[in-house]
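Computed from heavy atoms alone, side chains included, the values below leave out hydrogens, waters and symmetry copies.
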Amino acid sequence: RKMDQVQVSVERAFRTWSLMASVVWTDLRGNFYSVSGYDNPFGIGTGPFVRPNERTNFDGKLQNHSEWEFKLRANANLPANFRVGAFASFFSGDFYTPIYRIDRRIHDFVTDDGTFLNPELLFGVDGENIFLEQRGSQRLDEFFRFDFHVDWTVPLKRVQPVIRPHHRVRGATAAPEPAEYQVVCGIEVVLRCEEGVRD
């Protein structure tokens with residue numbers, strides 16, 4: 001495993017508002033999913049160092065990371081105990097690889113001259129995965145998330161109920177098809193306990 005990463009972030013805070021922006025570029029390559037433990041995220045499998053078939057195309061861009069990540073957060077305090085905030089993030093999409101799983105129960109195996117092989121010959125490799133392309137050759141759709149919320153705090157002596165209507169947009173974008181979004185709206189009531197007494 002070899003990872004190169006560059007992170008750049010800017011944050012400014014003022015009396016009534018704050019802003020944070022960050023961008024991360026990551027290049028993660030290798031031939032092993034985890035630095036320790038099993039080869040795959042499901043916690044099973046002995047990996048390509050025991051199963052030679054799984055060594056085909058097994059070196060490349062590792063999964064479970066996006067090459068680009070952008071994040072933007074802003075908060076502001078308003079009169080009458082109101083506070084607004086917004087958070088937006090963009091991910092370029094995780095890498096993945098098309099695979100073929102050897103399954104002697106449902107597949108027929110034929111040699112170059114058209115001879116069918118006895119499935120029992122594949123007993124020792126049954127269930128192994130073979131990368132059909134170089135590892136990390138494909139990428140999932142880009143993902144965009146936007147969260148906007150408004151807080152209103154009711155001053156009490158020791159308990160502050162916060163009424164929070166929020167508006168959240170989540171979607172994946174992939175050209176040339178239009179983006180699909182999911183909008184979630186609701187009201188949250190949060191209890192915040194304080195040790196002191198607010199005037």
Q: Let me see the working for T26 and M3 under side-chain contact (heavy atoms from CB on, under 4.5 Å), right down to the final yes or no.
A: CA-CA 7 Å; T26 304; M3 186 182 78; 4.1 Å; yes

Could you pull out every donor-acceptor pair under 3.5 Å between side chains of residues 72-80 and any protein atom, sequence neighbours left out?
| from | atom 1 | to | atom 2 | distance (Å) |
| --- | --- | --- | --- | --- |
| R73 | NH2 | E11 | OE2 | 3.4 |

**Q.** Counterpart residues, side-chain hydrogen bond (donor to acceptor under 3.5 Å, both in side chains), relative to R55 (two or more places apart)
**A.** none

Q) Are Y96 and Q63 close enough, and set up right, to give a side-chain contact (heavy atoms from CB on, under 4.5 Å), and what steps lead you there? A) CA-CA 6 Å; Y96 73 96; Q63 62 268 46; 5.5 Å; no

Straight-line distance of [X] [atom1] to [Y] [atom2], nearest 0.5 Å:
| X | Y | atom1 | atom2 | value |
| --- | --- | --- | --- | --- |
| Q134 | T56 | CD | OG1 | 10.0 Å |
| K71 | M20 | NZ | CE | 7.0 Å |
| L62 | T97 | CG | OG1 | 9.0 Å |
| E128 | N53 | CD | CG | 5.0 Å |
| F143 | E69 | CZ | CD | 12.0 Å |
| I99 | I130 | CD1 | CD1 | 10.0 Å |

Who are the side chain to side chain contact (heavy atoms under 4.5 Å, CB included) partners of [X], not counting sequence neighbours?
| X | answer |
| --- | --- |
| R139 | E67, S92, F95, E142 |
| Q7 | Q5, V24 |
| F70 | V23, W68, F90 |
| N118 | E120, L121 |

Can you list everything that forms a salt bridge (charged side-chain N to carboxylate O under 4.0 Å, His left out) with [X]? Sequence neighbours excluded, please.
| X | value |
| --- | --- |
| R101 | none |
| D113 | none |
| D59 | none |

Q: Decide, yes or no, whether a salt bridge links D27 with R29 under the criterion of side-chain N to carboxylate O below 4.0 Å.
A: yes

Please list, chain by chain and in numerical order, all residues satisfying ring pair (Phe, Tyr, Trp, His ring centres under 6.0 Å) with [X], sequence neighbours excluded.
| X | value |
| --- | --- |
| F87 | none |
| F131 | none |
| F116 | none |

